[in-house]
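As structure tokens, the structure follows; a few thoughts come after it.
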Amino acid sequence: MIPIVGRQDEQETPRPRRPGFGLRGPRSLRHRVAAEELAAIGVPLGDDGVVIGTDAQNQTAVLGLSRRTAYDLLLIGGLWTAQVLALRAAGTGARVAVETGRAHVWTPLAQAAGAEQQCITLHDVGHVPSLGPSVSSPVVVIRDCGMKPPRGRVNSAPWQAVVTLLPYLSPAAPRLLQTSSLVGIQRVSPDEARHLARKMRLPQEETDSLPTLGDGVTLWCTRKDRYYSVTQPTDAEVGLLGHARRLD
């Protein structure tokens, strides 16, 4: 019944309700806070991406792989770190495609990560299909193609990052160093450290440290910025991948 203005003993025939409109809900004051209470309201925000470890200040180190622009990353390091990165990227909801010539070392990881869902898929070198990345379904392609990875059929694109793993420097390194947005360097020889220092404009301190880096330590750098991270595996990752190691 909708009340009308007039005598209380007068009533009006109920009006038909318009389709799509239900009963009126309860009427109450909106939620309000006093101005002095606003400081107590906050939402914790941090970097968005894959947690790869902790930095020199013991703060969380995050790699933002899911971007609206193409993103290429080069990791000069060990298989262990690449596999941890794949596992954690899948944990953020990304679809991970691994292009590799040694599927046997990736199969246990893909099976354990996916359960009944194929969140990590394995593909032969040169046979990665179109993956259809989108903002709601980002993709990370990890290329584990040895010392001389061929040019990939699937390139980086919006919401599709490409991570290339090089065990050591190779003839393909100059091209990859030039085209990568971010380079991760693990323990290398003194000669390799000097070569990387020239290409990445590393100061002498970082150049001297590269041959002495511990297992699980990575120097992430561009030609302007650099920081170290230490990857500590979780218990589940230790059970699946073992402890951090530079050599496969």
Side-chain angles (χ1 to χ4, degrees), residues 49-56 60-65 71-90 96-102 105-106 109 120 125 140-149 152 156 161-202 205-223 225-234 237-238 240-248:
V50 179
V51 176
I52 195 59
T54 54
D55 61 18
T60 301
V62 177
L63 296 180
L65 297 179
Y71 193 66
D72 289 278
L73 186 152
L74 172 63
L75 174 61
I76 303 172
L79 173 68
W80 185 89
T81 302
Q83 291 188 323
V84 169
L85 180 60
L87 197 61
R88 296 183 181 184
V96 178
V98 180
E99 181 182 7
T100 181
R102 46 177 178 173
V105 302
W106 286 92
L109 174 66
I120 298 181
V125 176
V140 176
V141 178
I142 296 183
R143 305 196 70 213
D144 174 28
C145 305
M147 296 294 290
K148 298 180 181 180
S156 60
V162 174
V163 181
T164 301
L165 173 65
L166 282 185
Y168 300 99
L169 289 184
S170 73
R175 171 177 58 85
L176 294 170
L177 288 169
Q178 183 66 32
T179 58
S180 295
S181 302
L182 181 67
V183 178
I185 307 171
Q186 297 190 309
R187 187 170 62 246
V188 293
S189 70
D191 287 342
E192 290 174 310
R194 287 189 289 270
H195 179 81
L196 289 166
R198 290 192 298 270
K199 292 292 185 180
M200 300 304 298
R201 303 173 187 170
L202 300 178
E205 181 180 359
E206 269 74 26
T207 305
D208 294 340
S209 72
L210 289 178
T212 65
L213 295 181
D215 293 338
V217 180
T218 308
L219 172 64
W220 299 99
C221 57
T222 66
R223 287 174 176 78
D225 303 302
R226 64 197 64 87
Y227 67 91
Y228 291 94
S229 72
V230 181
T231 304
Q232 298 287 353
T234 64
E237 289 168 345
V238 170
L240 182 60
L241 304 174
H243 292 280
R245 59 189 181 277
R246 170 63 175 92
L247 301 177
D248 302 335

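Each residue takes its place number in the sequence, starting with 1.
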| remark: Looking only at heavy atoms, the pair that brings Ala89 and Val140 closest together is CB-CG2, 4.3 Å
| request: Provide the closest heavy-atom pair for Ala86 versus Ile120 in the form atom of the first, atom of the second, distance. | output: O-CD1, 4.0 Å
| query | Tell me, do Val98 and Leu109 make a side-chain contact under 4.5 Å, heavy atoms counted? | reply | no
| task | State, with a plain yes or no, whether a side-chain heavy atom of Trp220 is found less than 4.5 Å away from one of Asp55. | result | no
| Closest non-hydrogen atom pair, Val105 against Gln83 | O-NE2, 2.9 Å
Please list every donor-acceptor pair under 3.5 Å in which a side-chain atom of residues 163-173 meets a protein atom from a residue at least two apart or in another chain.
residue: Ser170; atom: OG; partner: Met147; partner atom: O; Å: 2.4
residue: Ser170; atom: OG; partner: Ala172; partner atom: N; Å: 3.2

| remark: Separation between CD (Glu206) and CE (Met200), nearest 0.5 Å, reads 12.0 Å
| said: Within the structure provided, determine whether Trp80 and Asp215 are in side-chain contact (heavy-atom separation under 4.5 Å). | reply: no
| field | Euclidean distance, Thr81 OG1 relative to Leu241 CG, rounded to 0.5 Å | value | 10.0 Å
| request: Would you check if Leu85 and Leu75 make a side-chain contact, meaning some heavy-atom pair closer than 4.5 Å? | output: no
| query | Considering only heavy atoms from C-beta outward, does the side chain of Arg88 approach that of Thr231 to under 4.5 Å? | reply | yes
| note | Distance col, row Lys199:NZ vs Leu176:CG, nearest 0.5 angstrom, shows 11.5 Å
| Arg246: partners by side-chain hydrogen bond (donor to acceptor under 3.5 Å, both in side chains), with sequence neighbours left out | none
| Going from CD1 on Ile185 to CG on Leu196, what distance comes out if it is rounded to the nearest 0.5 angstrom? | 4.5 Å
| query | What is the distance from atom CD of Gln186 to atom CG of Leu247, rounded to the nearest 0.5 Å? | reply | 10.0 Å
| note | On a heavy-atom basis, the closest approach of Ala90 and Val96 is N-CG2, 3.8 Å
| Side-chain touch Val84/Pro233, heavy atoms, less than 4.5 angstrom | no
| said: Does atom CZ (Arg201) have a neighbourhood of more than 12 heavy atoms from anything else shown, all under 6.0 Å? | reply: no
| query | Where is the tightest heavy-atom contact between Tyr71 and Ser181, given as atom of each residue plus distance? | reply | CE1-CB, 3.4 Å
| remark: The reported gap from CG in Leu87 to OG1 in Thr234 (rounded to nearest 0.5 angstrom) is 7.5 Å
| request: List the steps, then state whether side-chain contact (heavy atoms from CB on, under 4.5 Å) holds for Thr218 with Ile52. | output: CA-CA 10 Å; Thr218 308; Ile52 195 59; over 6 Å; no
| Evaluation steps, side-chain contact (heavy atoms from CB on, under 4.5 Å), between Leu79 and Arg245 | CA-CA 8 Å; Leu79 173 68; Arg245 59 189 181 277; 5.5 Å; no
| request: Looking only at non-hydrogen atoms, find the nearest pair between Leu182 and Thr222 and report the distance. | output: CD1-CG2, 4.0 Å
| query | Do Thr212 side-chain atoms and Ser209 backbone N/O form a donor-acceptor pair below 3.5 Å? | reply | yes
